[in-house]
Q: 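Dropping the structure in here first, questions after.
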Amino acid sequence: MDAAAPPIVVIRNLTKSYRRGSQSIQVLSGINFDIARGEFVALMGPSGSGKSTLLNLIAGIDSADEGSIRIGEQEITRLSERELAHWRAGHVGFIFQFYNLIPVLTAYENVELPLLLTTLKRRERREHVEAVLSVVGLADRMDHYPSQLSGGQQQRVAIARAIVTDPEILVADEPTGDLDRVSAEEILQLMDRLVREFKKTVIMVTHDPRAAEKAHVIRHLEKGELSVT
Amino acid sequence: MGIPYSYSFRNLWTRRLTTLLTASGMGLVVFVFAATLMLAEGLQQTLVQTGSPDNVVVLRKSANSEVQSGVERAQAALLESQPEVAIGPDGRPLLAKELVVLINLRKRGGNKPANVVIRGVSAASLQLRPAIGLKVGRMPRPGSVEVIAGESLARRFKGCGLGETLRFGMRDWRVVGVFDAGSTGFSSEIWGDADQMMQAFRRQVYSSVIFRLKDTNAFDAYKARVEGDPRLTVEAKRETRYYLDQSEAMSRFLRILGLVLTVVFSIGAVIGATITMYAAVANRVTEIGTLRALGFQRKSILLAFVMEALLLGLCGGLLGVGAASFMQLITISTMNWASFSELAFSFTLTFGILWKSLLFSLVMGFIGGALPAVRASRMNIVEALRAT
């Protein structure tokens, strides 16, 4: 990590509230938060503290009420829905708690999905997919469907899908939440490797203190406000 | 590039039973749609093939069919002397003065009576219809009480088989031959000597005069002249046109009936498809959220679900058309409302009916899938992902 380098994520005065019936629930209030390039950040906090909301806002799948989020050179709070979708395809990799693989597509096809939004030719896409499946150690399982893989393997396919477009940031929402201890450890090691070897910036929401231990920085969210550990 | 087509296809395959049941519902509608069109087509083809474009049918003015028509002997003689009439190899005009009478015969097996066309023919009648050939037996001798029967009739009606005897016009007529007229309306007729028939039925006039044109392009001039001739009260039509007109009312009726039936049925099938597609969307909310998060636009989601609904429709269409194509093996016998006589014809599948049926099934699929697809594309990403 280069301390002098500008942060990749710059969040200023971020506010988000949800409406539930006639009630308005404040989830995030005036968050200010920077993440350095190549940092592994863990967001922790009790349920309903707003950590997933913050993650969704950084990933560009939710919109803020007020404030700004800049990722790299892009001020994403100003993008239209269409532009945001386009931006996500090239700049964010998603890792979900329940892997969210498409059950009717093979491991190979699942990983190829984000590349279908690029201009890459079929042969180039194949090279990319094979490369990332090798990184996650599943090159021999590319023709398997998700139902033919274990939880840990499915999450590794999901990680391959997240990194196949070589995005700047990876957002992970409870990536080990559905895994046994051994698989969870493997996934955490893989994520750690992505940060160290591939210089990815990872922002992870977790309840698991063991998962948080892998992070460089742990941020606690409580009642919509951040604290640093 | 959008979501691959294999995604839509494999989702249908994964839910094969639901897909099959929904597609069967749509297939049933397509079957009814295709079958009625095939019926109308079969009827039309049978009647149109009955005619030849070089032949001209002359009827009494404003008569719609030979049964309603009457052409006096003097008028028939005048028509025979027209210069447009072709001359046969024997040096005689290729012109037949024919009599058409309806009689009632009983069907084999059921004993059910039905109207049958008796056609009094002249020597040129067979020459004017080269598609007709004697299958077994011989032609009736002129001046004798003998008849020949169309193959379809000989098979289905009592007394019409070779060697059997028919009683009509207060005489007993022996069937001395069976003729093959292919799938034309003639195969449902009985032919005998015109003069014998006129005596038997006490008719003074012929029903129609049919002749071959020397030059097929001379028809318009001929028509204008004979219809304007004050000595003649007749109307001339090309034989093909004449039979097409005869089939039009019936085939239009069949088409309208088919259309009404299928529109009513299709509402049910479309609702079925809509329910299936809504269920498909509801089961894949997280998938939709994931695809959207990965960067796929709303229209990609819309397209994937519309594609799935279209594929579902196509499955139904193929099932329906496949089942309908077996109907070609069936021959239908019904009343020809233009001549009030029995007419046998088959369901006929044409390329036109094929693509219309498949298009119809795709339209049903599209309508059924449109609302669920719009719903899928409008989902909020965060809410969809939370549905895990």
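Each chain gets a letter, A, B and so on, in the order its sequence line appears, and its residues count up from 1.
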Q: Should A:Asp62 and B:Ile381 be marked as a side-chain contact (heavy atoms from CB on, under 4.5 Å) after you check the CA-CA gap, both sets of side-chain angles, and the distance that decides it?
A: CA-CA 8 Å; A:Asp62 205 353; B:Ile381 305 176; over 6 Å; no
Q: Could you tell me which portion of A:Tyr99 (side chain, backbone, both or neither) has an atom closer than 4.5 angstrom to a non-hydrogen atom of chain B?
A: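 A:Tyr99 has no heavy atom closer than 4.5 Å to chain B.
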Q: Could you go through A:Arg82 and B:Arg298, starting from their C-alpha distance and side-chain angles, then the distance that decides it, and tell me whether this counts as side-chain contact (heavy atoms from CB on, under 4.5 Å)?
A: CA-CA 8 Å; A:Arg82 223 185 129 75; B:Arg298 286 181 191 275; over 6 Å; no
Q: Identify the two heavy atoms, one from A:Ala89 and one from B:Gly295, that lie closest to each other, and give their separation to 0.1 Å.
A: CB-CA, 4.1 Å
Q: Verify the neighbour count for atom CZ of B:Arg255: are there more than 12 heavy atoms of other residues, nucleotides or ligands below 6.0 Å?
A: yes
Q: Which atom names give the shortest non-hydrogen contact between B:Tyr7 and A:Ile102, and what distance separates them?
A: CE1-CG2, 3.3 Å
Q: Look only at the side chain of B:Arg10 and the backbone of A:Val104, and say whether a donor-acceptor pair between them is shorter than 3.5 Å.
A: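 Looks like yes, one N/O pair under 3.5 Å.
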Q: At a heavy-atom distance under 4.5 Å, which candidate from A:Leu113, A:Asp173, A:Leu117 has the highest pair count against chain B?
A: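 Answer, by heavy-atom pair count under 4.5 Å with chain B: A:Leu117.
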Q: Compare every heavy atom of A:Leu116 with every heavy atom of B:Gly2, then report the nearest pair and how far apart it is.
A: O-CD1, 3.9 Å
Q: Any chance CZ of A:Arg20 has more than 12 other-residue heavy atoms, nucleotides or ligands included, within less than 6.0 Å?
A: no
Q: The test is side-chain contact (heavy atoms from CB on, under 4.5 Å); show your working for A:Leu105 and B:Glu287 and say whether it passes.
A: CA-CA 11 Å; A:Leu105 301 181; B:Glu287 269 176 58; over 6 Å; no
Q: Can you tell which part of A:Gln97 gets under 4.5 Å to a heavy atom of chain B, answering side chain, backbone, both or neither?
A: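 For A:Gln97, neither part sits under 4.5 Å from chain B.
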Q: Which bit of A:Asn56 is near chain B, if near means a heavy-atom gap under 4.5 Å: side chain, backbone, both or neither?
A: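 Only the side chain of A:Asn56 comes within 4.5 Å of chain B.
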Q: Would you say CD of A:Glu222 has more than 12 non-hydrogen atoms from neighbouring residues, nucleotides or ligands within 6.0 angstrom?
A: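 No, CD of A:Glu222 has 12 or fewer neighbouring heavy atoms, counting only those of other groups under 6.0 Å.
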Q: Side-chain contact, heavy-atom cut-off 4.5 Å: B:Pro4 with A:Glu112?
A: no
Q: Please identify, among A:Gly60, A:Pro114, A:Pro103, the residue contributing the most non-hydrogen atom pairs under 4.5 Å to chain B.
A: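 So the answer, after comparing A:Gly60, A:Pro114, A:Pro103, is A:Pro103.
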Q: Examine whether an atom of B:Phe9 lies under 4.5 Å from a heavy atom of chain A, and if so say whether it belongs to the side chain, the backbone or both; otherwise answer neither.
A: neither
Q: Does B:Phe326 CZ have over 12 foreign heavy atoms under 6.0 Å away?
A: no
Q: So which atom in B:Arg292 and which in A:Glu81 form the shortest heavy-atom distance, rounded to 0.1 Å?
A: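 Residues B:Arg292 and A:Glu81, closest heavy atoms: NH2-OE2, 3.4 Å.
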Q: Does B:Tyr278 OH have over 12 foreign heavy atoms under 6.0 Å away?
A: yes
Q: In terms of heavy-atom contacts, does NE2 of A:His144 have more than 12 from other residues, nucleotides or ligands at under 6.0 Å?
A: yes
Q: At their closest point, which heavy atom of A:Phe94 faces which heavy atom of B:Ala293, and how far apart are they?
A: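 So the minimum-distance heavy-atom pair works out to CE1-O, 3.1 Å.
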Q: Take atom CD of A:Glu66 as the centre, draw a 6.0 Å sphere, and report whether it contains more than 12 heavy atoms from other residues, nucleotides or ligands.
A: no
